[in-house]
Enquirer: 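Sharing a structure here in structure tokens format.
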Amino acid sequence: MNEPASKGSVTLVHLYPREMSIYGDLGNTRCLATRLRRHGYTPNVVEHHPGGDLPAQVHLVVGGGGQDSGQARVEADLARIGAQLVHAAADGVPMLMICGMYQLFGNAFITADGTRLPGLGILDVTTQGNPTRMIGPVVLDTAYGPVVGYENHSGATTLGPGQEPFGRVLAGHGNNGGDGTEGARTGNVIGSYLHGPILPANPSLADALIAYAVERATGRAFEPEPLDDSLADEARGRQVRRLTSTRPGR
Amino acid sequence: MLRTTAAVIAGKTARLAARVKGGGGSAFPGLVAERIDPRFLEHALATVRDGIVVVSGTNGKTTTTKMLVAILRAHGRRVLTNPTGSNFTRGVISSMLKDLPLSGKATADLAVLELDEAHALKFAEVVTPTHALLLNVARDQLDRFAEIDHTADLLARLAAQVSAGVVLNLDDPFIARAQARLRPGVRTRWFGVDSSIAHRLPEVLEQDVRFAEDWQPPIPGSDDGLLAPLDERSFTILRGGEAGGEAGGEAGGEATAYIGPVTLTQRGLAAMINATAATTMARELLGPAFDPATTVRALQAVSPPFGRGEVIDIDGRPVELVLVKNPAGFTVALGTYGSTPVATMIAINDNDADGRDVSWLYDVSFASLRERGVAMTSGVRAYDMALRLDYDDVAVAAVEPELILALDAFLAAHPDEPARIFCTYTAMMALRRTLAERHDLPEFGEEGAA
Ligand SMILES: [Zn+2]
């Protein structure tokens, strides 16, 4: 069987895969690349390392969580390429930022001793350093349907007035363990604490990001192929049932 | 003294009671003894003259401990150890109680204790280790330890407690950098891999991004051990030249083989690295008494510990149980077995003891399973595992979350061929228990007690 002609090439930038990709966030990049291919497009995955240059054409950007040391390593580079990212975000480039990169996409991170570390300000959120970690499985209600994942963060994040969350918490802690919000969404930019990684088990979210990216890359609407997502649906459905049942226990 | 004797008696009694109830690896007897005599461990180890050795790190503690004990015993040393992953001071006491005289003073020459990072440090607060063998730092149960930087710091603090000598992993910057924290006068020996296989290190090691400058490993010297594999389970150990030993210093003289060839019963790079680590520590402990031929014989006789490639005979057909608990471990396991594909099942639970976050499965490449496919995924996260495999284009024939149903269906579907089951900790316990009942296997907790 001949390979059908590609419907177009999509450039996906993974920010700091070395420093900011613990907890399996690499899986988001793998998921997007594989789904692009299965939908008939050609993924062009670019790893962005500190000191490197962003490609001229960027259609999709992902970033993950790291440790404090990893975060410290990328801050200078993020200041360097920050203006490009801010511009691309305003221009509608879809972006998915998890955990540490979500925090860095916010206005600021306030450390436990009160020091204010400024972020890119793409999302109107502020994170406060916090001695207690919020750890555990999560179920959200989002615009993309129910979303499952796993959170592991010590920062407590507050949304600015008018900032839309990514989802409402059905199980887990979310942004701060208090207001029932999780993550943030502005235009096509999504920030979230959910590892898991978030995309493989939530393909409707993955395809939404892909649809925005494909439109930018090809100038045409996304033309999806029918993919069999029954394994993802079963994996997600089981977590939703397990974590939102009223039965006490876990 | 009386207090210690009372503690020994109470502990031994508790141990017998626990065994009657079938609790093999229980820490309860140790708890009883420690309640009566809080300084029990300190007293018990006071007569152990030739070394108190802590083996720690994320992956390979059990195998390495077993190998080191085997080498030392083959050299005629009496060695006290804690088998079956009894990983805290109480577990250590529990495992000692069987052989402890009523005086509470151990009669061993050396103690070799496997302890996880946090418990190793707690142990060192009670008893100063003379030696530490530090293996590696990898992502493991991040939901509990949260940060590998933190794990690395625990091990560096352990190294700072040691009174005589450490053996450190040359190739793992998290471990190697601990050398800076040693007390003055404490000796360092290094173990690592020979340059011929250095290209395989990225698959087993984490990136250390704590420092801006790249890690410059020290040049191995003649006291250090370097692994040079010959095939999947045979290798030699080289030692560096006389001029080595300094980070960034002049290249040492030519490395020469001094151990081997050795053929292990356990396959793979990880087991060979563990053997290299154990051998290097044995040289440090035995000094001039160290004998290469005795060491080779001892290593070759070591059977894989429970769940680390243990092969169970089921009606004449081998079924291999392989414990997987973090990306580095799973990657190494796949590399170890990839060249001999067999019927494969993968069982993933997410209970506390497994680590509740399964994100790490996405840091493992399953491409080596593509050709043969996976016959069954099981466990609480059976569908997540199948989904993970789908993203690596690995075909999955069946998904059954219920472990025993999955085991039966898997074995029935592949009746006359070898089988392999990769499983997380609690999945392994459940499968092993069922297989033990059916096939009369030694109980978990009994193995390694000799
Ligand atoms: Zn996180």
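Just so it is clear: chains get the letters A, B, ... in the order the sequence lines come, proteins before strands, and each one is counted from 1.
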Enquirer: Can you tell me how far CZ of R30(A) sits from OH of Y362(B), rounded to the nearest 0.5 angstrom?
Expert: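 So the OH of Y362(B) and the CZ of R30(A) are separated by 9.5 Å.
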Enquirer: Evaluate the side-chain proximity of V399(B) to E234(A): yes if any heavy-atom separation is below 4.5 Å, no if none is.
Expert: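 Result no, sub-4.5 Å side-chain heavy-atom pair not found.
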Enquirer: Specify which of D390(B), D392(B), V396(B) makes the most heavy-atom pairs with chain A at under 4.5 Å.
Expert: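 Highest number of heavy-atom pairs under 4.5 Å: D390(B).
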Enquirer: So what's closer than 4.5 Å to chain B heavy atoms on P137(A): side chain, backbone, both or neither?
Expert: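 It is the side chain, since no backbone atom gets that close.
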Enquirer: Is it possible for you to check whether R38(A) lies under 6.0 Å from the centre of the six-membered ring of Y391(B), through NZ or CZ, and within 45° of that ring's axis?
Expert: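 Satisfied, under 6.0 Å and within 45°.
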Enquirer: Do you know which of P50(A), G27(A), P197(A) has the most heavy-atom pairs with chain B at a distance under 4.5 angstrom?
Expert: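 Greatest number of close heavy-atom pairs with chain B: P197(A).
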Enquirer: Does any backbone or side-chain atom of Q239(A) lie under 4.5 Å from a heavy atom of chain B? Answer side chain, backbone, both or neither.
Expert: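 Only the side chain of Q239(A) comes within 4.5 Å of chain B.
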Enquirer: Let me know if S21(A) has heavy atoms under 4.5 Å from chain B in its side chain, its backbone, both or neither.
Expert: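 Only the backbone of S21(A) comes within 4.5 Å of chain B.
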Enquirer: Kindly compute the distance separating CG (L26(A)) from OG (S359(B)), expressed to the nearest 0.5 Å.
Expert: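 Reported to 0.5 Å precision, the distance equals 11.5 Å.
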Enquirer: Quick check: closest heavy atoms across P200(A) and L387(B), and the distance to 0.1 Å?
Expert: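 Residues P200(A) and L387(B), closest heavy atoms: O-CD2, 3.5 Å.
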